[in-house]
Student: 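Have a look at this one before I ask anything.
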There are 2 protein chains.
Amino acid sequence: MKPNFDFEEVKQVVIDCLRKKGLRRTPERFQILRHIYERGGHFDADTLYVELRNKGINVSRATVYNTLDLFTKCGILTSHFFTPHHIVYDFSYKAKQHEHLYCEVCGKIEEFCDPRLSIIEEDVQKLTGFKVTKRSVVFRGICPECQRKIKD
Amino acid sequence: MKPNFDFEEVKQVVIDCLRKKGLRRTPERFQILRHIYERGGHFDADTLYVELRNKGINVSRATVYNTLDLFTKCGILTSHFFTPHHIVYDFSYKAKQHEHLYCEVCGKIEEFCDPRLSIIEEDVQKLTGFKVTKRSVVFRGICPECQRKIKD
DNA sequence: TTACCTGCAAAGGGTTTGCAGAGTC
DNA sequence: GACTCTGCAAACCCTTTGCAGGTAA
């Protein structure tokens, strides 16, 4: 799925975010940004590290972790905790709010949208006084493929 | 909040579960069960370990982790991943399905219920073919107390 | 008696940190 | 030139595992 914006646009968002925080525009940060822009989908830090090294971009793990955290704070990435010890990210700049289906058998992640969730979120905010900044809705279970495999 | 069932009832559920799995009824398992029955609320493995030791119940960490995992499989506990490296449990036997509000500032966990979520879950199952076995809905944000503190 | 279970301590795996050198502003 | 960032490797933190002794069935 091709993103509906060009790289320069996200880059500008990151630049603004760096400026606001008084941080530097290092080549590593933009190399990582370009890579996640191009690859899309869900990924974790180590996968990204390996992919970058394979591309000949010699960043360290520390930089990858640091940068993913930075991009999350910039609103470019969203982090998910599907399992302990493991942070999964997705590129969420200009992405429609979406939720996740997580297959407990094969680990596959799928997405879905439901406008009713925003209404619920709104109601819960009013009811509880919590100021919600991020919602994470995960339905865990077994994907169709794994259901079929189990039957056999 | 006092549970609406007595200890013997949950104990029986665990006994049935152990029998089905061919596992043993050890004193440690029932000591841990009694403790989490009495304390209620949300907790993690290490908190439980410390509480048990303070009570004079000399279980090991390995046993605590093993037992929490067992109880989760028995359907007595539900596990949550609010942050990485950290599993939070709640006692879910005979508990109404509920969702969580997580304060990103102080870590406080609150609960809420909304029957509309079950409808959404049902619809998503039909639409995607995923067989949902567990749902986790977490609204992250700032609790009313922390909002007040920040203003000051 | 036959596993399974426990306690202890050490290992595991993703993430974070400390430090010296490099690079941005 | 000041200060942050990077790379490397070691440290961290929960959680899991291996092993020898104990114990339920």
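Order of the sequence lines sets the chain letters (A, B, ...), proteins ahead of strands, with each chain counted from 1.
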Student: Does B:Tyr65 place a side-chain N or O at less than 4.0 Å from the phosphate oxygens OP1/OP2 of D:dT15?
Tutor: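 Checking B:Tyr65 against D:dT15: at least one side-chain N or O falls below 4.0 Å of OP1 or OP2.
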
Student: What is the distance, rounded to the nearest whole Å, between atom CG of A:Asn58 and atom P of D:dC8?
Tutor: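 Those two atoms, CG and P, are 7 Å apart.
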
Student: Can you measure B:Gln31 atom CD to C:dT6 atom C1' for me and round it to whole angstrom units?
Tutor: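 From B:Gln31 CD to C:dT6 C1': 12 Å.
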
Student: Looking across every strand, which nucleic acid part, if any, lies under 4.0 Å from A:Asp44 by heavy atom: base, sugar-phosphate, or nothing?
Tutor: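 Touches nothing.
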
Student: When every nucleotide of nucleotides 17-25 of chain C is labelled 5' to 3' by its protein contacts under 4.0 Å (heavy atoms), B for base, S for sugar-phosphate only, - for none, what sequence of letters results?
Tutor: B-----BBS

Student: When the distance from CG of A:Leu18 to C1' of D:dC3 is rounded to whole Å, what number comes out?
Tutor: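 Value for this atom pair: 15 Å.
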
Student: Nearest whole Å is fine: how far is D:dT16 P from B:His86 NE2?
Tutor: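 Going from NE2 in B:His86 over to P in D:dT16 covers 13 Å.
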
Student: Calculate the interatomic distance between A:Glu28 atom CD and D:dC8 atom P; express it in whole Å.
Tutor: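 One finds 11 Å between P of D:dC8 and CD of A:Glu28, rounded.
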
Student: For the pair made of CZ in A:Phe81 and C1' in C:dT15, what is the distance, rounded to whole Å?
Tutor: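 Checked: the CZ to C1' distance equals 12 Å.
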
Student: Verify side chain to side chain donor-acceptor pair (under 3.5 Å) between A:His98 and A:Asp114, making sure each step is shown before the conclusion.
Tutor: CA-CA 8 Å; A:His98 61 267; A:Asp114 196 309; over 6 Å; no

Student: Is A:Lys108 atom NZ crowded by more than 12 heavy atoms from other residues, nucleotides or ligands, each under 6.0 Å away?
Tutor: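 Yes.
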
Student: Starting from P on D:dC13, measure out to CD1 on A:Ile87 and report it in whole angstrom.
Tutor: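 Atom-to-atom, A:Ile87 to D:dC13, this comes out as 16 Å.
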
Student: Can you work out whether A:Thr63 or A:His85 has the more 5'-proximal nearest nucleotide on DNA chain D?
Tutor: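 On the 5' side of the pair lies A:Thr63.
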
Student: Of the nucleotides C:dG7, D:dT15, D:dT6, which has the atom closest to the A:Ser60 side chain?
Tutor: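 That would be D:dT6.
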
Student: Side-chain contact, heavy-atom cut-off 4.5 Å: B:Glu99 with B:Val138?
Tutor: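 B:Glu99 does not reach B:Val138 side chain to side chain.
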
Student: Can you check whether A:Phe5 and A:Tyr93 have ring centres sitting under 6.0 Å from each other?
Tutor: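 Yes: the rings meet the under 6.0 Å criterion.
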
Student: Could you give the distance from OH (A:Tyr37) to CZ (A:Phe30), rounded to the nearest 0.5 Å?
Tutor: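 That separation rounds to 15.0 Å.
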
Student: Quick one: is A:Asn66 getting a side-chain N or O under 4.0 Å of the D:dC5 phosphate, OP1 or OP2?
Tutor: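 A:Asn66 to D:dC5 OP1/OP2: no side-chain N or O under 4.0 Å.
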
Student: Assign A:Asp46 to base, sugar-phosphate, or nothing according to its heavy-atom contacts below 4.0 angstrom with the strands shown.
Tutor: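 It contacts nothing in the nucleic acid.
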
Student: How close do B:Phe91 and B:Leu77 get, heavy atom to heavy atom, and via which atoms?
Tutor: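 In terms of heavy atoms, the two residues are closest at CA-CD2, 3.7 Å.
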
Student: If you compare all heavy atoms of A:Gln147 against all heavy atoms of B:Gly129, which two are closest, and at what distance to 0.1 Å?
Tutor: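 Smallest interatomic distance, heavy atoms only, reads NE2-O, 2.8 Å.
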
